Amino acid sequence: MARSMKAAVIYENGGPRALRYEEVPDPECPDGCVVVDAEAISIEGGDLLARAAGALPTVPHIVGYLSAGTVSEVAAGVQGRAVDDRVVALFAAGSHAARRAVPAAMTWPIPAGLDAAPAACVPVAFATAYECLFTAGNLTSGQTVLVHAGAGGVGMAAIQLAKQSDATVIATASSDDKLERLEAFGLDHGINYASDSFVERTRELTDGRGVDVVIDSIGGQNLVDSVGVLAYRGTLVSVGAAARAGSAIEAQSLWANNNTLRGVYLGGAIVPEYARIHPMIGNMLERVADGELRVEIDRSFPLAEAAAAHEYIESRQAFGRVVMTP
């Protein structure tokens with residue numbers, strides 16, 4: 001008799017209420033894969049975009065990149081993973097479920113002493129922040145970075161990593177309270193984008209020089225305006241489109257200060273650069289376990305309330321990460 005499990009699925013793209021909590025068949029475990037029984041599910045920005053738009057490979061479809069839990073099945077061809085191992089699993093879809101099958105190569109051991117919930121929040125946010133700051137942005141000691149959406153997952157990771165590299169860190173957020181709380185993560189200067197122009201404030205904070213790196217996860221007009229805060233030979237890194245709007249940047253706007261526009265998508269880098277990125281993510285997990293880096297979890301929802309969890313994130317109330325438990 002076929003086994004089943006609970007999952008939050010979609011039958012068509014739409015808002016958070018497109019998510020339905022239903023029984024679905026247990027995942028099969030192809031060669032090279034493991035099945036992970038979820039203890040915690042991290043909701044990523046890409047999960048929201050996948051729910052709202054894009055082709056569905058199956059109907060019903062289970063969205064979601066990241067989950068953490070215990071290996072319950074190991075297929076042929078797998079080395080280095082065994083039943084009862086605790087791992088974080090990253091894949092293009094399938095996290096919003098009690099179990100999922102993923103390639104064993106896309107799992108990382110959870111360090112001793114680290115809970116599943118913070119572990120699930122590490123790979124995408126911290127690896128993306130690292131790529132934005134140091135691979136795309138070439139940030140070095142003594143430089144200045146502007147991080148948009150500082151209270152989000154990538155934002156908080158970027159603030160910590162930038163500060164630990166001896167950079168000056170400026171960030172935007174939607175309230176003074178969030179900005180004040182971000183000081184504990186290494187924030188030097190906060191800008192409330194709801195009440196101030198981040199372009200004007202950044203210029204003031206840098207005595208008109210501008211910043212060396214901007215990390216923009218918002219897109220739309222925010223990305224366009226960010227060109228205006230770049231220092232000479234500064235780099236604007238586009239890493240998301242939370243505004244869900246296109247960005248018409250004129251190439252000429254980059255010429256005068258010899259600026260650079262770079263794009264970062266972790267999913268596009270992890271396969272061709274597996275030998276570099278996979279151990280980097282493992283290192284980030286160890287640094288979180290050691291207390292060097294911090295994951296802030298704002299709220300936890302049961303998987304049955306996945307729609308409410310997505311709504312909460314899109315309301316921009318969260319300070320830090322939102323997770324779910326099966």
Side-chain angles (χ1 to χ4, degrees), residues 1-11 19-44 46-47 50-51 56-125 127 266-267 270-271 274 277-279 281-282 284-285 288-289 300-306 309 321-326:
M1 181 177 178
R3 295 177 58 197
S4 64
M5 64 174 181
K6 290 289 190 179
V9 304
I10 58 173
Y11 287 81
L19 289 160
R20 306 183 191 179
Y21 185 61
E22 297 183 349
E23 291 275 348
V24 298
D26 258 13
E28 298 180 358
C29 190
D31 289 354
C33 292
V34 296
V35 171
V36 179
D37 292 353
E39 298 172 27
I41 300 158
S42 173
I43 305 176
E44 305 295 321
D47 302 347
R51 185 213 71 230
L56 305 185
T58 59
V59 176
H61 176 59
I62 304 171
V63 302
Y65 291 160
L66 276 166
S67 58
T70 303
V71 174
S72 61
E73 184 177 349
V74 177
V78 172
Q79 296 181 347
R81 296 289 178 266
V83 171
D84 293 332
D85 284 352
R86 296 182 70 247
V87 299
V88 181
L90 169 62
F91 203 53
S95 77
H96 286 32
R99 285 180 290 280
R100 67 192 301 210
V102 298
M106 294 302 294
T107 64
W108 292 261
I110 298 176
L114 183 61
D115 290 340
C121 299
V122 170
V124 168
L266 186 67
I270 196 167
V271 173
Y274 180 86
I277 292 179
H278 194 277
I281 292 174
M284 295 294 171
L285 283 160
V288 171
S300 177
F301 289 79
L303 180 60
E305 297 177 14
R321 309 308 307 275
V322 177
V323 299
M324 297 185 294
T325 55

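For the single chain, residues carry numbers from 1 onward in sequence order. Since this is a predicted model, take the numbers as computed values, not measurements.
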If you apply the rule side-chain contact (heavy atoms from CB on, under 4.5 Å), what do you find for Val36 with Val87, and how did you get there?
CA-CA 8 Å; Val36 179; Val87 299; 3.8 Å; yes
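- Heavy atoms from other residues, nucleotides or ligands lying under 6.0 Å from CD of Glu28 number 12 at most.
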Assess the residue pair Leu90 and Val124 against the criterion (side-chain contact (heavy atoms from CB on, under 4.5 Å)); give the C-alpha distance rounded to whole Å, side-chain angles, the decisive distance to 0.1 Å, and a yes or no.
CA-CA 8 Å; Leu90 169 62; Val124 168; 3.8 Å; yes
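- Counting only heavy atoms from C-beta outward, the side chains of Leu266 and Ile277 approach each other to under 4.5 Å.
- Scanning both residues, Ala7 and Ala97, for their nearest heavy atoms gives CB-CB, 3.7 Å.
- Residue Asp115 holds its CG atom at 9.0 Å from CD of Glu39, rounded to the nearest 0.5 Å.
- Shown here for Pro123 and Leu66, the closest heavy-atom pair between the two residues is CG-CD2, 3.8 Å.
- When side chains are defined from C-beta on, Pro60 counts as touching Tyr11, because their heavy atoms get closer than 4.5 Å.
- In this structure, His278 contributes its side chain and Ala105 its backbone to a donor-acceptor pair below 3.5 Å.
- Residues meeting the salt bridge (Lys or Arg N to Asp or Glu O under 4.0 Å) test with Arg321, sequence neighbours left out: Glu44.
- Note that the CG atom of Leu19 and the CG atom of Leu303 stand 9.0 Å from one another [nearest 0.5 Å].
- Nearest heavy-atom pair, Cys29 versus Ala75, reported as atom, atom and distance to 0.1 Å: O-CB, 3.5 Å.
- Between Leu114 and Ile110, the shortest heavy-atom contact is O-CG2, 3.3 Å.
- The CG atom of Leu285 lies 10.5 Å from the SG atom of Cys121; values are rounded to the nearest 0.5 Å.
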Side chain to side chain donor-acceptor pair (under 3.5 Å) between Thr70 and Asp37, worked out
CA-CA 5 Å; Thr70 303; Asp37 292 353; over 6 Å; no
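- Evaluation of the salt bridge (Lys or Arg N to Asp or Glu O under 4.0 Å) rule for Arg99 yields Asp26 as partners, not counting sequence neighbours.
- Rounding to the nearest 0.5 Å gives a distance of 6.0 Å between NE2 of His61 and CG of Leu56.
- Side-chain contact between Val34 and Glu73 is absent, with no heavy-atom pair separated by less than 4.5 Å.
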Determine, stepwise, if the pair Ile10 / Val63 fulfils side-chain contact (heavy atoms from CB on, under 4.5 Å).
CA-CA 8 Å; Ile10 58 173; Val63 302; 3.9 Å; yes
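- Atoms NE2 and CD1, from His96 and Ile41 in turn, are 7.0 Å apart once rounded to the nearest 0.5 Å.
- Smallest separation of non-hydrogen atoms from Thr325 and Ser300: CG2-OG, 3.9 Å.
- When all heavy atoms of Ser95 and Asp47 are compared, the closest pair comes out as OG-OD2, 4.5 Å.
- A donor atom on one side chain and an acceptor atom on the other are found under 3.5 Å apart for Arg100 and Ser67.
- Salt-bridge annotation for Lys6 and Glu22: absent, with no side-chain N of the basic residue lying under 4.0 Å from a carboxylate O of the acidic one.
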Please test Ile270 against Ile281 for side-chain contact (heavy atoms from CB on, under 4.5 Å), starting from the C-alpha separation and ending with a verdict.
CA-CA 10 Å; Ile270 196 167; Ile281 292 174; 4.2 Å; yes
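- Within the model, atoms OG1 of Thr107 and CZ of Phe91 stand 12.0 Å from one another, a figure rounded to the nearest 0.5 Å.
- Using a 4.5 Å cut-off on side-chain heavy atoms (C-beta onward), Met5 and Val24 make contact.
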